[in-house]
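In what follows, chains carry the letters A, B, and so on, assigned in the order in which the sequence lines appear, proteins first and then strands, with residues in each chain numbered from 1.
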Amino acid sequence: MVISGVGEDFIRDIIIEDLKANKNEGRVVTRFPPEPNGYLHIGHVKSISLNFGVASEFKGICYLRFDDTNPTKEEQRYIDAIKEDVQWLGFDWAEHEYYASDYFERLYGYALTLIKEGKAYVCDLSQEEIREYRGSLTESGRECLYRSRSIEENLSLFERMKKGEFEDGACVLRAKIDMNSPNVVMRDPVIYRIIKASHHRTGNRWCIYPMYDFAHPLSDSIEGITHSLCTLEFENNRPLYDWFLDQLNIHHPQQIEFARLNLSYTVLSKRKLLELVEGGYVNGWDDPRMPTISGLRRRGYTPQAIRTFCERIGVAKTNSLVDIALLEHCLREDLNRRAPRVMAVLCPLKVVIDNYPEDQVEELEAINNPEDPLMGSRLIPFSRVLYIERDDFREDPPPGFFRLTPDGEVRLKHAYYIRCEDVVKDERGEVVELHCSYDPRSRGGWTRDGRKVKGTLHWVSAQHALEAEVRLYDRLFTKPSPEEDPDFKVSLNPESLKILSPCWVESSLKDAPIGSRYQFLRLGYFCVDPDSSDEGRLVFNQTVPLRDTWAKIEKLQKEKRRRDGG
RNA sequence: UGCCAGAUAGUGUAACAGGUCAACACGCCUGACUCUGGAUCAGGAGACUCCAGGUUCGAGUCCUGGUCUGGCAGCCA
């Protein structure tokens, strides 16, 4: 029952203690309760992973419950998207798909019980008046005269609310608790409001809807939840959560709060993500730059990488900001194992092998994944005209550069050693073509003479290569915590998307299915974007670049030069 | 001048009911290896555990008092 290795946290500690004490007869029941008013993002995965993880570790069960108590904000399409995302992540709620709206009748009954016991009343105060009467953080509130209405009157009024006799906002049902409570949440909170709007599941059956504070604990109780895990901002609401359950004297789950995930260089709030979508700052909820599940999926993230990440960040009560580098590390770790290697040239530079026969084509063997021999190998065509990466040639190489240079020799991966013999430039002095010679003895990328050739380049045969569009992504924001600005959009990264075209990829990618992931050798991981078409249009998304030691060295060199240069 | 919560290397988490040199991961730095400057491997730097007192043979862990940070005044969740 105790988890091996990592995965211990204060919540699991509590559950272990509860189990020892035989609380809940040894059952562990959790739930993931999204409101269907937006798309899931990686912050939600922390909660999903916790709830489903805890349940499975303790031989319990986790439900998926839609918290759909506000018809003005919720939509069926969000429910569909949420289900797809949770499923894609690999979590299984089996037949336990529940809706708070399924409990509306029972919740209404509980409200009647409270009224009958003199613990709830209908209040006619306007929204502004309620706010005034509530007092402030430092001053206690005041009781209004509606608070002393008779039970009969409350019953009849509430009935009329339900029947639709009043307009939206005309009155509300409130719990009668304590207007002087130091906790503002307890100052007679609203538990039912009138909303004459069609609900995505109950249609027009109801015109009164329960508030979260009322619906949530009762839904948890109805379902027999044992541990109700939620984020820190609900800490203040816990006394109210407990109050309803105590007053109604029904099954009482334990609410436990943990810190939500914050990730550097992005925002994780539905409201802000919606703003990015609606403001056209990104191309929809599934834009590969978005931290939404659908965005990450389109970007090429694997469910496993995301789940591993959520396990490694741990669960605690301190507000924290997790370095996105950890997410990227988990991603690379997973992709390194599973992604087949292929060759692709993003910024092409033409290379002509002068001593290679004009119309000869050779098929060379290339291993698909050195991390996994079982993935086998494939044949790739080699011919006289090739493309290599522009960055892989320097006419005037900086120290430590061991790629192609005038008169220098490098290895073409899986192919031959080549030597640069001539550099062709256009009228502006731009290098447009390289003339090289190859060493026939080095076929396969190796010679017996013990020659040391340090640089190895990826390449693609010009006549065989497929044209592709490649989309490069960078962090969405330029600051680690964009939310610290009054307008988080000021630190949006203007270079978060770069479109490269034409790029050239090896011919084996011809029928690569949408979503399939590859390592473009020496460049990074890429996946096929849905914008690709059957007619041969190929679009790749950069999922994450490979660690690039040379880029780091060169950056340091440049910085040093700038400093020394004064 | 309210209530609640939190504070451990750059970042995130540990340290089991006070007891080996405060651990692990990411990141960073070295080096080895390598047909990916990838991966892998080996090593290293980095924390007076928010502060000040106290209890104790012994405190990150307990007590007292501070400081700082976060949350709360929707008919949102």
**Prompt:** How far, in whole Å, is B/G27 from B/G46 if one measures between their C1' atoms?
**Reply:** 11 Å
**Request:** For B/C48 versus B/U1, give the span between their C1' atoms, rounded off to a whole number of Å.
**Result:** 36 Å
**Request:** Check the angle between the aromatic planes of A/F520 and A/F526 and answer parallel, tilted or perpendicular using the 30° and 60° thresholds.
**Result:** parallel
**Message:** From C-beta outward on A/N236, which listed nucleotide comes closest to its side chain: B/C4, B/G38, B/U13?
**Reply:** B/C4
**Request:** State whether A/E311 and A/R307 are salt-bridged, where the test is any N-O pair (Lys NZ or Arg NE/NH1/NH2 against Asp/Glu carboxylate O) under 4.0 Å.
**Result:** no
**Item:** Donor/acceptor link under 3.5 angstrom from A/E371 side chain onto base of B/U40
**Value:** no
**Message:** Any N or O donor-acceptor pair under 3.5 Å from the base of B/U13 to the side chain of A/R312?
**Reply:** no
**Prompt:** What distance, rounded to whole Å, do you find between the two C1' atoms, one in B/A14 and one in B/A9?
**Reply:** 13 Å
**Message:** Tell me the interatomic distance from A/E328, atom CD, to B/G38, atom P, rounded to whole angstroms.
**Reply:** 17 Å
**Fill in**
Pairs under 3.5 Å (Watson-Crick or G-U), crossing ones as [ ], inter-strand ones as |: RNA chain B comes out as .((((((..((((.....[...)))).(((((.......))))).....(((((..]....))))))))))).....
**Asked** Does the separation of the ring centres of A/F214 and A/Y110 fall below 6.0 angstrom?
**Response** no
**Asked** What about A/D323, does its side chain sit under 3.5 Å from the base of B/G27 through a donor-acceptor pair?
**Response** no
**Request:** To the nearest Å, give me how far apart CZ (A/R337) and C1' (B/U40) are.
**Result:** 13 Å
**Request:** State whether the distance check finds a donor on one side and an acceptor on the other, under 3.5 Å, for side chain A/R547 versus base B/G37.
**Result:** no
**Item:** Anti or syn - B/A17, cut at 90° from 0
**Value:** syn
**Item:** Whole-Å C1' distance, B/C62 and B/A17
**Value:** 12 Å
**Asked** Which value, in whole Å, describes the distance between the C1' atoms of nucleotides B/A22 and B/U61?
**Response** 12 Å
**Prompt:** Where does B/G74 land, syn or anti, once you apply the within-90°-of-0 test for syn?
**Reply:** syn
**Item:** Residue A/A325, side-chain heavy atoms: nucleotide from B/U36, B/A39, B/C26 that is nearest
**Value:** B/C26
